[in-house]
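Working notes for the structure below.
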Amino acid sequence: MMTTSLQMTRRGFLQGGLGALTLAVTANGLISAVWAADAAPKQYGADGMPGGTVDDPLAFVSIAPDGAVTIVAHRAEMGTGVRTSLPMVVADELEAVWDRVKVVQADANEARYGNQNVDGSRSVRHFLMPMRRVGAAARQMLEAAAAARWSVPVAEVRAAQHEVVHTPTGRRLGYGELAADAARVAVPSGDALKLKAPAEFRFIGKNQVRLVDLEDIGKGQAIYGMDMRLPGMVYAVVARPPVVGGKLRRVDSAKALAVPGVIKVVEIPAMSGAPAFQPLGGVAVVARNTWSAMQGRAALELEWDDGPNGGYDSAAYRQTLEAASRAPGKVMRNEGDAPQAWSRAPEAERYAAEYYVPHLAHASMETPVATVRIQAGRAEVWTSIQNPAAAQDAVARRLKLKSGDVKVNVLLLGGGFGRKSKPDFVDEAAIVAQAMPEGTPVKLVWTREDDIHHDYLHTVSVERLEAVVGKEGKMQSWLHRSAAPTIASLFSDGAKGQQLFESAMSAINMPYLIPNVRVETAEVAAHARIGWFRSVANIPHAFAAQCFIAELAHRAGQDHKQYALDLIGPARKIDPGTMGDAWNYTESPERYPYDTGRLRGVIEAAARGAGWGRELPKGHGLGLAFCYSFMSYTATVVEVAVDDKGGLRVVAVDMAMDCGPQINPERIRAQMEGGAIMGLSLALVGEITFEKGRVKQSNFYDYEVLRHNASPRVIRTHLVNDDHALPPGGVGEPPVPPVAPALCNAIFAATGKRVRSLPVRDAV
């Protein structure tokens, strides 16, 4: 067998920690892909990300003579509140008055600001301490400047509430009066840097700072990518191949060019090899307005070659996945001998179940959109993007420019969920702008149909669970086999089977007290663009595992919550590596062990909030599920009501989260509530299907999101363990995975009917 190794591009999946991609080419020409560990010493967390972290106050803070403080937000805002939370951390350590703080958005510049990719629930996790250091350093520089001005020891001065005070005399100088001198003071670092004690925080954890964009959003004045306007702007839409990997055979543009307002037709080069972040190809229509561009596109006469995925049918593919889930796969974790325990166990002690999750679309409220202007050997971009540096790289590569000659202005995102870290739409805009007269701003817009037809979809999955259950319901063996196309197929043409980073999301990293454990993945091919999606592989893995545990508890005649706690066992801290998880979300296993005590804590909190064990009205049921993801612990209890006709109503949701230190509790609760709605939406109605390689759904009438009348009337959030001695966990993604299994477990409690296939829809 011949092998070659390729390093992932700088903008590889989740931006680091995945090592090298090895392509194994066998004698019969088949290609497989595996992620191997880097030979170099492993870097964890932010240190392993492109750009790393920067904690230079001169990069993030400026103070005007009138005392106004400007703080740079270097992470994109898509609803998580990060454009408020991180500057708030700086302001707290700086001892600034928040009403005198202005927040500005950084453009793409990782050399200046550090990593800017907001994938992976990393913003606070990676930048809490750097932003604290930025604020503390700026405060100490102001104190040093004041001490020099007064010719007193720096120990006698103290910054407080936008002023520096000389403690013995009460003399005061405002920040504006000291700013110029402070900027010339050496930046303190290491042992010289003095951070506040948590008891001294004024903003962190206090719920006293509202979103910096709240007023503009409420008044409709906030600028999203779709709101961008420039003088002389033209508009473009693209007719893309209806099948991934398809190519344009023929185009007749005569009728399109005859549409009033249409200016030009531009061919987009066909995708080549693995999809990565490149455009799919096709034909762009440029016009004076979006309506004319859309009408011109509809008038194009197009003929496509569907390519190798033209026969993709999701119903038939489900059967492929089911067959693969029932056959031995690639071993990802192995302790004891689960297959032997299964083969030797009496039939009465065996239990197996299969669970299905379909493809899912991101369906952000704001579709992908980018504006590009090329002028004097430089390009400027305005877009709603999660990964500004990836967009900068894509445009520079397309236009054969240096990265420094491409400016990416980051606008508010109307949702992202991982879709908008993939800059194919920005690349398309650059291609069209290059075809226009120099200096012409081109705004390239995706319609809702474009967004659903050509998304980087969440993977479709069949999960098979097998267990041997002995006396008193104790599990003797656990086998979890996943059959799902992999995200690695984005970067390696023909990659099959989930990789370590996918299996490490709620499949291999399970802490249960079971003597025989085996986790496998089936090597199945991808026929669509598979991308990361809010909470990624935790969604299918947690759905299957959490429903399966509930089924086993019922089979044993035991309370589900108590059964789960017994399965988890006593509070202990587990090295993820001992569970086969060498990935650990790219974080240090010493800093982030798997803490079963914290997992137990959120289970108890969610159950307590929901009144677990109380007597319920007829047709009502409570369901529980829990998950560890992105370094945080979550548990959810859903209450449902099912009427005599099978009508399902979600009555209430209780969500508990332990994310370690709670920097902005209001935003944490908002993300939990949003996660509840999104999780219910995916579970109840979310589904993308294919026929002849084409996505069947088009818009919100057939790819539904949860309607207001179907939303729970009550969502209670329970924040657990606000401990600043702990490293921070993620918040944006962890709320989603437990929702679907908690819902399905509640349906069983109410009706006695198991739901193992999503979406639920009419399954009740």
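We number each residue from 1, following the sequence as shown. Heavy atoms only: backbone and side chains are in, while hydrogens, waters and symmetry mates are out.
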ring-ring contact (aromatic ring centres under 6.0 Å, His included) involving [X] - partner list, sequence neighbours excluded:
X: Y592; answer: none
X: Y355; answer: F543
X: H126; answer: none
X: H527; answer: Y312, Y317

Treating [X] as the side-chain partner and [Y] as the backbone partner, does any N or O pair qualify as donor plus acceptor under 3.5 Å?
X: R572; Y: T596; value: no
X: Q671; Y: G79; value: yes
X: E502; Y: Q499; value: yes
X: E733; Y: V536; value: no
X: N516; Y: Q476; value: yes
X: R754; Y: C547; value: no
X: R333; Y: M510; value: yes
X: D455; Y: L457; value: no
X: N309; Y: V244; value: yes
X: Q386; Y: K420; value: yes

Less than 4.5 Å apart, any side-chain heavy atom of [X] and any of [Y]?
X: C627; Y: N538; value: yes
X: P388; Y: Q392; value: no
X: R75; Y: T80; value: no
X: I568; Y: I603; value: yes
X: Y633; Y: V720; value: no
X: V736; Y: I539; value: yes
X: H458; Y: P540; value: yes
X: M271; Y: L280; value: yes

Please report the shortest heavy-atom distance between [X] and [Y], naming the atom on each side.
X: V462; Y: S325; answer: CG1-OG, 3.6 Å
X: G531; Y: L490; answer: CA-CD1, 4.3 Å
X: R518; Y: A338; answer: CB-CB, 3.8 Å
X: M475; Y: Y563; answer: CE-OH, 3.9 Å
X: P728; Y: V124; answer: CG-O, 3.9 Å
X: G245; Y: P308; answer: O-CD, 4.3 Å

*Can you list the steps and then say if V602 with T634 is a side-chain contact (heavy atoms from CB on, under 4.5 Å)?*
CA-CA 6 Å; V602 293; T634 52; 5.7 Å; no

Let me confirm one number: the [atom1]-[atom2] distance from [X] to [Y], rounded to the nearest 0.5 Å.
X: L706; Y: L682; atom1: CG; atom2: CG; result: 9.5 Å
X: S492; Y: I487; atom1: OG; atom2: CD1; result: 14.0 Å
X: T53; Y: E110; atom1: OG1; atom2: CD; result: 12.0 Å
X: L413; Y: E366; atom1: CG; atom2: CD; result: 6.5 Å
X: L726; Y: R591; atom1: CG; atom2: CZ; result: 10.0 Å
X: S588; Y: K42; atom1: OG; atom2: NZ; result: 9.5 Å

Going by the rule side-chain contact (heavy atoms from CB on, under 4.5 Å), which residues pair with [X] if we only count those two or more places apart in sequence or in a different chain?
X: R318; answer: E322, Y356, S757
X: P735; answer: M655, M657, M672
X: S314; answer: T689, F690

Could I get the full list of salt bridge (Lys or Arg N to Asp or Glu O under 4.0 Å) partners for [X], not counting sequence neighbours?
X: D658; answer: R598
X: D451; answer: R448
X: R534; answer: none
X: K573; answer: none

*asked:* Using the side-chain hydrogen bond (donor to acceptor under 3.5 Å, both in side chains) definition, which of the options R761, H359, Q697, K696 pairs with E687?
replied: R761

*Could you give me the CA-CA distance, side-chain angles and deciding distance for L743 and V755, then say whether side-chain contact (heavy atoms from CB on, under 4.5 Å) is met?*
CA-CA 9 Å; L743 171 71; V755 179; over 6 Å; no

*asked:* Pair F127, V82 - check side-chain contact (heavy atoms from CB on, under 4.5 Å), show working.
replied: CA-CA 10 Å; F127 281 93; V82 70; over 6 Å; no

*If you draw the axis of the six-membered ring of W446, does the NZ or CZ of R240 fall within 45° of it and under 6.0 Å from the ring centre?*
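Judged by the rule, R240 and W446 form a cation-pi pair.
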
Aromatic ring pairing [X]/[Y], orientation class (parallel under 30°, perpendicular over 60°, tilted between):
X: W478; Y: H480; result: perpendicular
X: Y585; Y: F630; result: tilted
X: W532; Y: F491; result: parallel

_side-chain contact (heavy atoms from CB on, under 4.5 Å) between T367 and F425, intermediate numbers included_ = CA-CA 10 Å; T367 59; F425 58 98; over 6 Å; no

*asked:* So that I can tick it off, tell me whether E354 and R326 are bridged by a salt bridge, with the cut-off set at under 4.0 angstrom between side-chain N and carboxylate O.
replied: yes

*So, R481 and E520, do they make that salt bridge, N to O below 4.0 Å?*
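Salt bridge present between R481 and E520.
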
*Scan residues 542-553 for pairs that pass salt bridge (Lys or Arg N to Asp or Glu O under 4.0 Å), counting only residues two or more places apart or in two chains.*
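Pairs touching residues 542-553 that pass the test: E551-R756.
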
